[in-house]
Amino acid sequence: MTRYELRCRECGKTWGNQPRSICDDCFSPLEVTYDYDAVRAHLTRERIAQRPPNMWRYAELLPLPENYHPSLPVGFTPLVSAPNLGKQLGAKRLCIKNDAVCLPTLSFKDRVVAVALANARSFGFDTVACSSTGNLANSVAAQAAREGFKAWIFIPADLEPAKILGTQVYGARLVPIAGSYDQVNRLCSQIADEHRWGFVNVNLRPYYAEGSKTVGFEIAEQLGWRLPDNIVVPMAGGSLITKIKKAFDELVQLGLVDAKPVKFFGAQATGCSPISTAVKAGESEFQPQRPATIARSLAIGNPADGHYAIKAITKSGGWAEDVADTELVESIQLLAETEGIFTETAGGVTVGTARKLYQQGRISPEETTVLCITGNGLKTTDALAGSYETASAILPKLTAFESYLRDAVETQETVEV
Ligand SMILES: *Cc1c(COP(=O)(O)O)cnc(C)c1O
Ligand SMILES: [Zn+2]
């Protein structure tokens, strides 16, 4: 076999390397598999540590064409301890993987797009495309501009304004669709059959999805080549959570970390919770839902990897929870006030879910737990509209400020009494 190739997740048939996501024999999804013996022979912790701090340091475990030279330093976002948030949640060893500052477009989607575009080039596409709940749109548009692809982006028409503008600014063709993400996605599958375009999350999906593994590789390396006890991951299509699990499994298989049980916890918004609902009901299959939540980046009612996400969570001894929109907004504020990290709605879902999991005793305070913050709050400021008043302006005079200060102190004292 070549260094890597596509293999059917169910029947095991191999398909070489081509822009295809489904097995024609059994209609199951394809996944990239590697020649792990070849990787084991030369990939060591020391080798990795000598490379630049970006996601390409794990190139042997990514489906990258021969002689591919990445042009952007994507990934290697901070893993920070979160003692203040931990105090609020009743957690002693809490860490945050902060992809709110992933480059170039401030969400973890930059990782998947980087790998997808590497393959789009080698498959000979000059146009790339995607269906998106927002962040993927931003990332495809930006990286297509950088790499010289034409880009066609399909979104539900009512996405957040910052995510729409943050796609258009890169010169991509933006096609708003009067429908839900699931309808947009179905349309894209049909377009992909008609046009020779590289749809990053349709015909390039197996390659795209591998990019998410780098979140897991980085967490293990940043913990000193150790796996955490628990990880809390927001779920839309359910791909990220399954790929973090694949990353941890690969590191164990290659002898780069010691094997240990890791519990996987999935987070959704209650208004779009097909995966968490199934987990809580003890079902192995989900029922599709019609999304109704402000967590637009997670609003996928028919998650492509939902089945595998449920399996990863339940097999690990983990759990899934969901939070109402009001709770996710409070959680955005809590994370910002305690740790100085401004996340988007998806991050509010993750923090709110973590709070529930500690309350329910499903995560023990002493264990090392990582929360995956996957996107940036500046893209979803609508979620906080009306949460803060701005005082009317004062004159640029010390007396004016002193009087302002007196009022502020008085108000505060009244509040505190
Ligand atoms: C897409 C997205 C997710 C979920 O990704 P899946 O792999 O589809 O489950 C989580 N957070 C943010 C901010 C996203 O944009
Ligand atoms: Zn098959």
Side-chain angles (χ1 to χ4, degrees), residues 6-15 20-31 77 97-102 105-113 130-140 155 159-160 162-163 166 181-182 185 200-201 205-206 208-216 232-246 264 266-269 272-276 286 293 295-310 312-313 320 328 332 343-351 353 371-380 383:
L6 298 178
R7 187 170 63 191
C8 174
R9 287 189 79 144
E10 297 304 328
C11 77
K13 181 172 176 177
T14 55
W15 290 87
R20 157 189 297 278
S21 64
I22 301 288
C23 172
D24 269 359
D25 288 8
C26 74
F27 305 107
S28 299
L30 303 181
E31 184 171 50
T77 56
K97 178 62 171 165
N98 187 6
D99 267 20
V101 294
C102 196
T105 67
L106 309 180
S107 87
F108 95 94
K109 291 295 198 302
D110 288 327
R111 303 168 182 274
V112 286
V113 171
C130 68
S131 56
S132 174
T133 58
N135 284 315
L136 186 61
N138 296 171
S139 191
V140 169
I155 56 162
L159 278 194
E160 299 97 332
K163 286 186 176 159
Y181 171 82
D182 297 286
N185 193 241
V200 302
N201 56 343
R205 187 171 177 88
Y208 148 103
E210 288 289 291
S212 288
K213 290 192 309 188
T214 59
V215 176
V232 186
V233 186
M235 304 183 295
S239 175
L240 175 61
I241 193 167
T242 60
K243 291 296 176 171
I244 292 176
K245 175 168 168 31
K246 184 179 181 188
F264 286 81
Q268 296 207 290
C272 182
S273 52
I275 304 176
S276 64
F286 65 87
T293 170
R296 299 303 305 269
S297 56
L298 303 182
I300 298 185
N302 189 9
D305 291 293
H307 167 76
Y308 296 105
I310 294 167
I313 292 165
L328 81 82
I332 290 173
T343 185
E344 69 149 83
T345 47
V349 166
T350 304
V351 172
T353 293
L371 308 188
C372 293
I373 296 303
T374 47
N376 194 296
L378 293 173
K379 296 193 193 187
T380 63

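Counting convention: from 1, in listed order, for ligands and their atoms alike. Because only heavy atoms are used, hydrogens play no part in the values below, and waters and symmetry mates are left out as well, while side chains stay in. What you are looking at is a predicted structure, and each value in this text was computed from that prediction instead of being measured.
With a heavy-atom cut-off of 4.0 Å, Ser107 does not touch ligand 1 at all. At a heavy-atom distance under 4.0 Å, only side-chain atoms of Glu344, from C-beta outward, approach ligand 1. At a heavy-atom cutoff of 4.0 Å, ligand 1 is contacted by both the backbone and the side chain of Leu240. With a heavy-atom cut-off of 4.0 Å, Ile241 does not touch ligand 1 at all.
Residue contacts with ligand 1: Ile300 is placed with no nitrogen or oxygen under 3.5 Å of a nitrogen or oxygen of the ligand (distance criterion only).
Heavy-atom minimum distance, Ala304 versus Arg205: CB-NH2, 3.8 Å. Residues Asn185 and Ser131 share a closest heavy-atom pair of ND2-OG, 2.7 Å. The two residues Thr380 and Glu160 come nearest to each other via the heavy atoms CG2-OE2, 3.5 Å. Here the closest non-hydrogen pair linking Cys372 and Val233 is SG-CG2, 4.1 Å.
In this structure, Glu344 contributes its side chain and Gly375 its backbone to no donor-acceptor pair below 3.5 Å.
The distance from ligand 1 to the heavy atoms of Ser239 drops below 4.0 Å at these ligand atoms: 6 (P), 7 (O), 9 (O). Ligand-side atoms of ligand 1 in range of Met235: 9 (O), range being under 4.0 angstrom from any heavy atom. Listed by number with element, the atoms of ligand 1 under 4.0 angstrom from any heavy atom of Ala346 are 11 (N), 13 (C). For ligand 1 and Ser297, the ligand atoms under 4.0 Å from any heavy atom of the residue are 13 (C), 15 (O). Proximity to Gly238 (heavy-atom distance under 4.0 Å) selects the following atoms of ligand 1: 6 (P), 8 (O), 9 (O). Every atom of ligand 1 with a heavy atom of Phe108 under 4.0 Å away is listed here by number and element: 1 (C), 2 (C), 3 (C), 5 (O), 10 (C), 14 (C).
For Thr105 and Asp110, the side-chain atoms include at least one donor-acceptor pair closer than 3.5 Å.
Closest to atom 15 (O) of ligand 1 among all protein heavy atoms lies Lys109 NZ, 2.7 Å. Protein heavy atom nearest atom 8 (O) of ligand 1, with residue, atom name and distance: Gly237 N, 2.8 Å. Of the protein's non-hydrogen atoms, Thr374 OG1, 2.7 Å is the one closest to atom 11 (N) of ligand 1.
Taking the side chain as every heavy atom from C-beta outward, Asp25 and Trp15 approach each other to under 4.5 Å. Put simply, the side chain of Lys97 reaches to within 4.5 Å of the side chain of Thr77, judged on heavy atoms.
Using a cutoff of 4.0 Å between basic side-chain nitrogens and carboxylate oxygens, Lys243 and Asp305 are not scored as salt-bridged.
Around the Zn ion (ligand 2), the angle linking Cys26 (SG) with Cys23 (SG) is 110°, rounded to 10 degrees.
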Worked verdict on Asn135 versus Lys379 for side chain to side chain donor-acceptor pair (under 3.5 Å)
CA-CA 9 Å; Asn135 284 315; Lys379 296 193 193 187; 2.9 Å; yes
